[in-house]
Amino acid sequence: MKGKGSAFKYGDNVDTDVIIPARYLNTSVHSELAKHCMEDIDADFAKNVKEGDIIVGEKNFGCGSSREHAPIAIKASGVSCVIAKSFARIFYRNSINIGLPILECPEACDNIESGDEVEVNFDTGKIKNLTKNMEFQGEAFPEFMQELIAAGGLAAYIKNKGDK
Amino acid sequence: MGMTMSQKLLAKKAGLKSVRAGQLIMADVDLVLGNDITAPVAIKEFDKFGKTDVFNKEKIALVPDHFAPNKDIKAAEQCNCMRQFARKNEITNYFEVGQMGVEHALLPEQGLVTAGDLIIGADSHTCTYGALGAFSTGVGSTDMACGMATGQAWFKVPTAIKFNLTNKFNKNVGGKDLILHIIGMIGVDGALYESMEFSGPGVKNLTIDDRFTVANMAIEAGGKNGIFPVDDIALEYLKAHGAKEPTIFEADSDAEYEKVYDIDLSTIKSTVSFPHLPENAKTFDQFDKINIHQVVIGSCTNGRLSDLRKAANILKGHKISSNVRCIVLPATQQIWKDAMHEGLFDIFIDAGCAVSTPTCGPCLGGHMGILAEGERAVSTTNRNFVGRMGHVKSEVYLAGPEVAAASAITGFITDPNTIEEN
C-alpha cells in the first residue's frame, strides 16, 4: 500500500480545534467535516487538497480534544497519510481506529516543505520526498494495521474478523 | 521493580500481578462515558458491530452537555440520536436536560466514580476523576463504541512523572494556578503518553475541587491521566456522594518515575495562560495591562461550587466593567441550586453577570458566549487554542475564578489581590 501526493506542512502543536473547529461538530457527516478541515490554520486547505495528499506536522500533532471528527475530517479530505515528529495520544489512537495512516518520522518532517511531492510506502515505512530526491525510514505498518486501514477502521475490521 | 499508582490500578483491572511501562494490556472498565458530540459517532460505530446489546447498561454514562440545551437543529438531531440510543438500550445513567450538568462535574457528584475505578470517556477531560484516585482517560468514539460493546479497552501502560507537593497556597491562589504553572513548566507535550502522579504533604492542603481542576488539565500537558492519592478528603467526598466502596492503590516506594518535580505550593502565584497554548503561563509581574471583552466562569475545570464562591467573594459589592460581559455557568443542577440558596446569584446578578444553565457552551466555542473578531476573554476553562471560543482572530486567556472575577470588575486582566474586599 502506498500514499502519494503534495505535502501540506504545518508546525508544532496542530490542535484538534484547528483541524476541525467545534462550531462544525453539530454534525458527524464525513463530507461536511471535510469541507472545514484545517480551516482555522489554513483557510484554503479544503479547496486545495487533492486525493492522496499528505499532511506533515512537527511535534504533538493533534493535541487537545478527543473528537474523532479530527482524523475523520482529514481522512475524508482525501489525505492519504499524516507524518509528524510526535502525535498527541488520543489523536494517535483515534487515527488508528478509523484507519487513517499516521507515521512518526522527525527527519522527514525536517526535510519536507509545503508543495513537495511525497510518497509513503506503508509496507516498508519508507518516505520519499520526490521533489528533493530524499528518502527517510519511518516505522513500517504491521499487517493488522494494513488490514484495519483496508477495512476502513477498527469497527469494520472487528466485524470482518468475526464474520470469517 | 515497583509500580506507580496508575500501573498498579491497571494491573489489577487487566487481571495481572504486575505490569511494566510500555506493555500492552486489555483491561475491564468500570464506566464508559460519552456526550452529545462524541456519542453519535460512537453509536454509528457500535451499530457496525451488528451487536444489539451494550455490555452493561449501568456502566455507561451519556450526558448531553456540549451543545445542549440544543443550540441548533443539527445539535438537536445529535442529542436525539443519543437519547434514542439511551432509551433503546435502557441506559441507567442518561442525564436529560434538567438533570444534566457538565459531565466531569456531574459524574463524581452522582457517585458514579470511586477510587480504584478504571474509566474511559469519549471526552479528553475524562482525566478529571484522577482527583478521586481513579485511572480515567479520554478516548475517541470508536474506543467508546468498543467499550460499550465489550466492557474492555486496550492500554499501553504509561510511564509517570511525579509531582511532589509541599506547603499550602497563598490567598486567592488555587488548583488552577497550580496546573497552569505546571503546564507552563513542562509544556503542552511535557507529559505526552505519561501519567501525572501527585503526591507529598501538600496534597492534604488541596481541596477536592482543587484536585479536580488539576487532574482535569493533565491532558493539556499531553498526559494520559492525572492521579491523586486517596486520603481522608477524597474518602469523605466519595461517602458524601454515595459512591461505591473505594479500592485504594498506592505507588510502591521503589516505583520508577521519568521525572520528579518538587513544588512548594506557597510559591505559586496567580497565573494566566496567554493565547494560543495553555503552556504560555505568565504571572502578573510578567505582563502589562490587557483589556478584555468577556469573562467566562464555569466548565469542567472551574464550574464547581467552591469556584463560584471564590468568584462571588471577589465580585461582592462590585459592578463589572461596562466593557465586559461576564457569563457564569454553574456546572451541574445541584451546584446551581446550592449557589442559588447561598445567595451567590444575588452577588453575580447585582454585579451585572449573566447566569446560565449548565452547559459546556462557550468553552469550546459552541454557544452561550461566542467571541467576535478581535475580542479577548478571560476564562476559567481549559483551552485557549486559535478560534477556541469563537472567531479565529479572538483570544482566550486562561485563569482561575479569582482572576476571572477581578478582571470582570476592572475590564482588564487583574490580580485579585488588588480588588477591595466588601
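In what follows, every chain begins at residue 1, and chains take the letters A, B, ... in the order their sequences are listed.
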- Message: Side chains of D123(B) and H104(B): any donor to acceptor distance under 3.5 Å?
- Response: yes
- Any idea which of N13(A), D12(A), I41(A) has the most non-hydrogen atom pairs under 4.5 angstrom with chain B? N13(A)
- With a 4.5 Å cut-off on heavy-atom pairs, point out which of R23(A), H69(A), R67(A) contacts chain B the most. H69(A)
- Task: Taking atom types as modelled, find out whether N225(B) and S6(B) have a side-chain donor-acceptor pair closer than 3.5 angstrom.
- Result: yes
- Using a cut-off of under 4.5 Å on heavy-atom pairs, state which of R388(B), E45(B), M144(B), K44(B) scores highest against chain A. R388(B)
- Message: Quick one about N35(B) and T38(B) (side-chain donor to acceptor, distance below 3.5 Å, no hydrogens or angles considered), yes or no?
- Response: yes
- Message: Looking at V188(B), is its backbone amide N or carbonyl O close enough to the side chain of E279(B) to form a donor-acceptor pair, meaning the two atoms are under 3.5 Å apart?
- Response: yes
- Message: If we define contacts as heavy-atom pairs under 4.5 Å, which of V41(B), N382(B), D36(B) has the most with chain A?
- Response: V41(B)
- Query: Out of G64(A), A88(A), S86(A), which one racks up the most heavy-atom pairs below 4.5 Å with chain B?
  - Reply: G64(A)
- Query: Does P275(B) offer a backbone N or O that forms a donor-acceptor pair with the side chain of N280(B) under 3.5 Å?
  - Reply: yes
- Message: Testing the 3.5 Å rule here: is there a donor-acceptor pair between the side chains of D72(B) and N26(A)?
- Response: yes
- Give the member of R383(B), H276(B), E77(B), K156(B) that has the highest number of heavy-atom pairs under 4.5 Å with chain A. R383(B)
- Query: When only pairs under 4.5 Å are counted, which of I72(A), N94(A), D17(A), L154(A) shares the most heavy-atom pairs with chain B?
  - Reply: D17(A)
- For chain A, which of L192(B), L277(B), I73(B) has the most heavy-atom pairs under 4.5 Å? L192(B)
- Task: Would you mind checking which part of F91(A) comes under 4.5 Å of any heavy atom in chain B, side chain (CB onward), backbone (N, CA, C, O), both or neither?
- Result: neither
